[in-house]
Protein chains: 2
Amino acid sequence: MGATKTEHFTDKQNQIAIIAKALGHPARIAIIEYLLKVNECICGDIVNELPLAQPTVSQHLKELKNAGLIKGNIEGNAICYCINEETFDILKGYFSNIISVTKTQKCC
Amino acid sequence: MGATKTEHFTDKQNQIAIIAKALGHPARIAIIEYLLKVNECICGDIVNELPLAQPTVSQHLKELKNAGLIKGNIEGNAICYCINEETFDILKGYFSNIISVTKTQKCC
DNA sequence: TTTTAATATTGCAATATTACGATAATAATT
DNA sequence: AATTATTATCGTAATATTGCAATATTAAAA
């Protein structure tokens, strides 16, 4: 025991959870906000911006990329990172739907 | 090492991360979707719905409540749970802003 | 081709999460 | 008062995450 019972939930539930989980760390939120500010940048820029070591930043970037929240394009020996709008659209749509349903409900 | 460096990030970044983290598990997404379907319910209903033991469900409800995603009202010896729209509004607003900014950007 | 620059990966310690059996707490019911 | 119903808490094992030093990888530059 201890491992998440992924197989008992729907693909959609797992998809939303994976994306949300990737955003569930302040460093990764800070990376997203930094990308939003500078449009695009390389890993080293983020290392200079955040109070974290290079391997740690690299790991956070990997998780954001795996969840589809950012894109990384190789440019010479560096990698250019930027936000992947599509995945944020999925989230926005998901939460918009939740809000529209709750508007018709009355809470206990 | 091992602990998140919360103090190095802004309150807003930590707030969004805490909410996202609470949604970062398929069981908690399933609980939200069930509440959305039935409007309100008690813990035992969720235990019957999900393939998880009662203490596990109780723990997940606690995390959702701590993050402000659900509300729990005592009704006799049971507790009536329902979605807390306000917190989802925060998320929707946050992601809407991200999307509107990225629309003006060009990715690498 | 050696050096430099930029990232990724490995390995590991510290910490956090997940899940559940056992048990406690609380309030209604008998 | 004893029983029942409902939920929370405790304790613990299994697993996952976080962070970083050391090292590897890759491609440009000297």
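First the proteins, then the strands, lettered A, B, ... as listed; each starts at 1. These figures come from a predicted structure and were not determined experimentally.
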To check you understand the geometry: which heavy-atom pair defines the closest contact between B:Gly68 and B:Asn84, and what is its length? O-ND2, 2.9 Å

Quick check: closest heavy atoms across B:Leu35 and A:Gln105, and the distance to 0.1 Å? O-NE2, 3.9 Å

Taking atom NZ of A:Lys62 as the centre, does the number of heavy atoms from other residues, nucleotides or ligands within less than 6.0 Å exceed 12? no

Could you tell me how the ring of A:His25 sits relative to the ring of A:His60: parallel (under 30°), tilted (30 to 60°) or perpendicular (over 60°)? tilted

Please give, in whole Å, the distance from [N] [atom2] to [X] [atom1]?
X: A:Ile46; N: C:dA8; atom1: CD1; atom2: P; answer: 10 Å
X: A:Asn73; N: D:dA27; atom1: CG; atom2: C1'; answer: 16 Å
X: B:Glu75; N: D:dT7; atom1: CD; atom2: C1'; answer: 14 Å
X: A:Lys65; N: C:dT7; atom1: NZ; atom2: C1'; answer: 12 Å
X: A:Gln59; N: C:dA6; atom1: CD; atom2: P; answer: 21 Å
X: B:Gln54; N: C:dG21; atom1: CD; atom2: P; answer: 11 Å
X: A:Asn48; N: C:dT7; atom1: CG; atom2: P; answer: 10 Å
X: B:His25; N: D:dA16; atom1: NE2; atom2: C1'; answer: 11 Å

Determine the contact category for [X]: base if any of its heavy atoms lies under 4.0 Å from a base atom, sugar-phosphate if only primed atoms, P, OP1 or OP2 are that close, otherwise nothing.
X: A:Ile42; answer: sugar-phosphate
X: A:Glu63; answer: sugar-phosphate
X: A:Leu52; answer: sugar-phosphate

Contact nearer the 5' end of DNA chain C, comparing B:Gly76 with B:Ala53: B:Ala53

Strictly below 4.0 Å: does [X] bring a side-chain N or O up to OP1 or OP2 of [N]?
X: A:Tyr81; N: C:dA8; value: yes
X: B:Ser58; N: D:dA8; value: yes
X: B:Thr56; N: C:dC20; value: yes
X: B:Lys21; N: C:dA16; value: no
X: A:His60; N: D:dT17; value: no
X: B:Lys62; N: D:dT9; value: yes

Who pairs with B:Ile42 by side chain to side chain contact (heavy atoms under 4.5 Å, CB included), at least two apart in sequence or on another chain? B:Asp45, B:Ala78

